[in-house]
Amino acid sequence: MTQTIECGKDSEIPDSGSLKFLIYGSSGVGKTFALKTLPESMRPALILDTDRGSRSLWEEEGLGTVITFDIMDKNKPVLYTQAMSTLQDIHSGKFNDVNYNTVVVDSYTVMHQAITSYVMHKSLTGTGDKKLNRSTMDEPPTLPEYAIIGHLALKFIEALIQLNQNLIVICHETALVTDEVSGQTRGGPALPPKLASQMPRYFDEVLYAKAKGKGSDRKYTWATRSTGLFEARTRYHELDDEIEQNFSVYEKRSNS
């Protein structure tokens, strides 16, 4: 639904209160575990667990619901189609029996791999464009396949962004993203370079997950601003450059 808002008139500002987060980092830096800090206003959450890494959350009372997906079924990749079907069900209201305040995708990196497998399998079986037929799944995607993969990836992201709920998309990290303008190489979400440069534009907060120390002294933080080494962004200028991994810091801001 389109909206027309005259700036400066508080009575016309929509009270949706939703925020869109993109969180990325290497393994073991708290990306999934941080979901335990979701405040009441962001619960319950509907967690689409494509990584099958949500076990640490299962005992968190009141957090919400976790949905896991199959990777293969009878030698056919099905993760993408199952996840897309679930996303369509959210949009159509089939989950309205529970008032989910947040939707989580953990992780989109695996989701993108599933999209790639889906397109390549369609080429292999001849159920897609005949020009894309391939003889084996072991070969890398062709240029036409890359185009279809990129199209489906953006469609999936756009469907996520259009949700009314808060959105948290988690990605793994790569250090091979090169900025097309400056030529500078920095860390970013583990996605193809073009998508990795486009995807952050859809989100309010782009947070880089980090961990320092060992054992009980280990601290988990989010970087909120970019450096020459990684990409991050916040729309809340009062936040420090590095903050504790705790979604409660956004509880009041999401309604301001």
Side-chain angles (χ1 to χ4, degrees), residues 1-3 14 16-24 31-32 35 38 42-52 54 64-71 73 76-122 127-129 141 145-172 188-207 233 235 254:
M1 178 185 297
T2 59
Q3 293 177 317
S16 64
S18 64
L19 286 173
K20 314 299 183 187
F21 296 86
L22 174 60
I23 300 174
Y24 73 98
K31 300 187 300 297
T32 299
L35 295 173
L38 286 176
M42 297 179 72
R43 298 186 182 206
L46 183 62
I47 302 168
L48 310 185
D49 180 11
T50 63
D51 272 10
R52 292 181 173 261
S54 64
T65 303
V66 176
I67 299 178
T68 61
F69 304 96
D70 297 322
I71 299 175
D73 181 20
K76 177 181 178 181
V78 295
L79 196 160
Y80 165 66
T81 53
Q82 288 184 356
M84 185 54 127
S85 177
T86 301
L87 185 53
Q88 291 170 345
D89 286 345
I90 298 172
H91 275 286
S92 67
K94 290 187 178 180
F95 286 87
N96 284 355
D97 55 326
V98 177
N99 185 26
Y100 290 106
N101 289 315
T102 301
V103 174
V104 180
V105 177
D106 186 8
S107 70
Y108 184 80
T109 303
V110 172
M111 186 70 251
H112 192 81
Q113 293 169 352
I115 293 173
T116 300
S117 296
Y118 167 79
V119 172
M120 291 171 64
H121 184 266
K122 289 192 69 174
T127 56
D129 191 320
E145 287 171 337
Y146 270 125
I148 296 174
I149 291 166
H151 173 74
L152 294 180
L154 285 177
K155 287 295 183 182
F156 190 87
I157 293 168
E158 289 170 356
L160 286 172
I161 294 300
Q162 291 174 24
L163 292 171
N164 293 323
Q165 296 92 337
N166 296 299
L167 174 66
I168 300 171
V169 175
I170 296 172
C171 280
H172 301 299
L191 297 167
K194 184 176 181 180
L195 184 60
S197 64
Q198 291 177 332
M199 190 167 172
R201 303 172 189 170
Y202 289 86
F203 294 84
D204 302 307
E205 303 290 294
V206 180
L207 305 175
R233 185 186 70 249
R235 71 179 189 180
S254 66

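Legend: residues meeting ring pair (Phe, Tyr, Trp, His ring centres under 6.0 Å) with F21, ordered by chain and number and at least two apart, are F247, Y250. With sequence neighbours left out, the salt bridge (Lys or Arg N to Asp or Glu O under 4.0 Å) criterion links R43 to E60.
For I115 against A153, the heavy-atom pair with the smallest separation is CD1-CA, 3.8 Å. Residues K20 and Y202 come closest through the heavy atom pair CB-O, 4.4 Å. Pairing each heavy atom of S197 with each of K194, the nearest pair is OG-O, 2.7 Å. The two residues V98 and P44 make their nearest non-hydrogen contact at CG1-CG, 3.9 Å. Taking both residues in full, the closest heavy atoms of H172 and V110 are given as NE2-CG2, 4.2 Å, listed atom of the first, atom of the second, then distance.
In this structure a side-chain-to-backbone donor-acceptor pair under 3.5 Å is missing from D106 to I170. Using a distance-only test at 3.5 Å, with no hydrogens or angles considered, a donor-acceptor pair links the side chain of E205 to the main chain of R235. One N or O on the side chain of D49 and one on the backbone of R52 form a donor-acceptor pair closer than 3.5 Å. Side chain of T109 to main chain of C171: no donor-acceptor pair is present (N/O by atom type, distance under 3.5 Å, no hydrogens or angles). At distances below 3.5 Å, at least one donor-acceptor pair connects side-chain atoms of T102 with backbone N or O atoms of M42. No donor-acceptor distance shorter than 3.5 angstrom exists from the side chain of K76 to the backbone of Y118, with no hydrogens or angles considered.
Residues Y108 and T50 fail the side-chain proximity criterion, which asks for heavy atoms closer than 4.5 Å. Side-chain contact between T32 and D51 is absent, with no heavy atoms from C-beta onward closer than 4.5 Å. Contact annotation: the side chain of M199 approaches that of V169 to within less than 4.5 Å [non-hydrogen atoms, C-beta and beyond].
In this structure, L38 CG and I47 CD1 are separated by 7.5 Å, a value rounded to the nearest 0.5 Å. Considering CG of L163 and OH of Y100, their distance stands at 13.5 Å, rounded to 0.5 Å. The CD1 atom of I90 sits 5.0 Å away from atom CG of L46, with the distance rounded to the nearest 0.5 Å. Rounded to the nearest 0.5 angstrom, I168 CD1 and L160 CG are separated by 12.0 Å. Interatomic distance, L22 CG to D204 CG, rounded to the nearest 0.5 Å: 11.0 Å. One finds the OG1 atom of T65 at 8.5 Å from the CZ atom of F95 (value rounded to the nearest 0.5 Å).
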Handout entry: Working for side-chain contact (heavy atoms from CB on, under 4.5 Å), residues Y24 and V206
Key = CA-CA 8 Å; Y24 73 98; V206 180; 4.2 Å; yes

Exercise for the section: Quick one: do V66 and V104 satisfy side-chain contact (heavy atoms from CB on, under 4.5 Å)? Show the steps, please. Expected result: CA-CA 9 Å; V66 176; V104 180; over 6 Å; no

Exercise for the section: Evaluate side-chain contact (heavy atoms from CB on, under 4.5 Å) for I149 paired with H112, printing each intermediate quantity in order. Expected result: CA-CA 8 Å; I149 291 166; H112 192 81; 3.7 Å; yes

Practice task
List the steps and the verdict of side-chain contact (heavy atoms from CB on, under 4.5 Å) for V105 and L87.
Solution key: CA-CA 10 Å; V105 177; L87 185 53; over 6 Å; no

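The list of side-chain hydrogen bond (donor to acceptor under 3.5 Å, both in side chains) pairs with a residue in residues 79-91, not counting sequence neighbours, reads D70-Q82.
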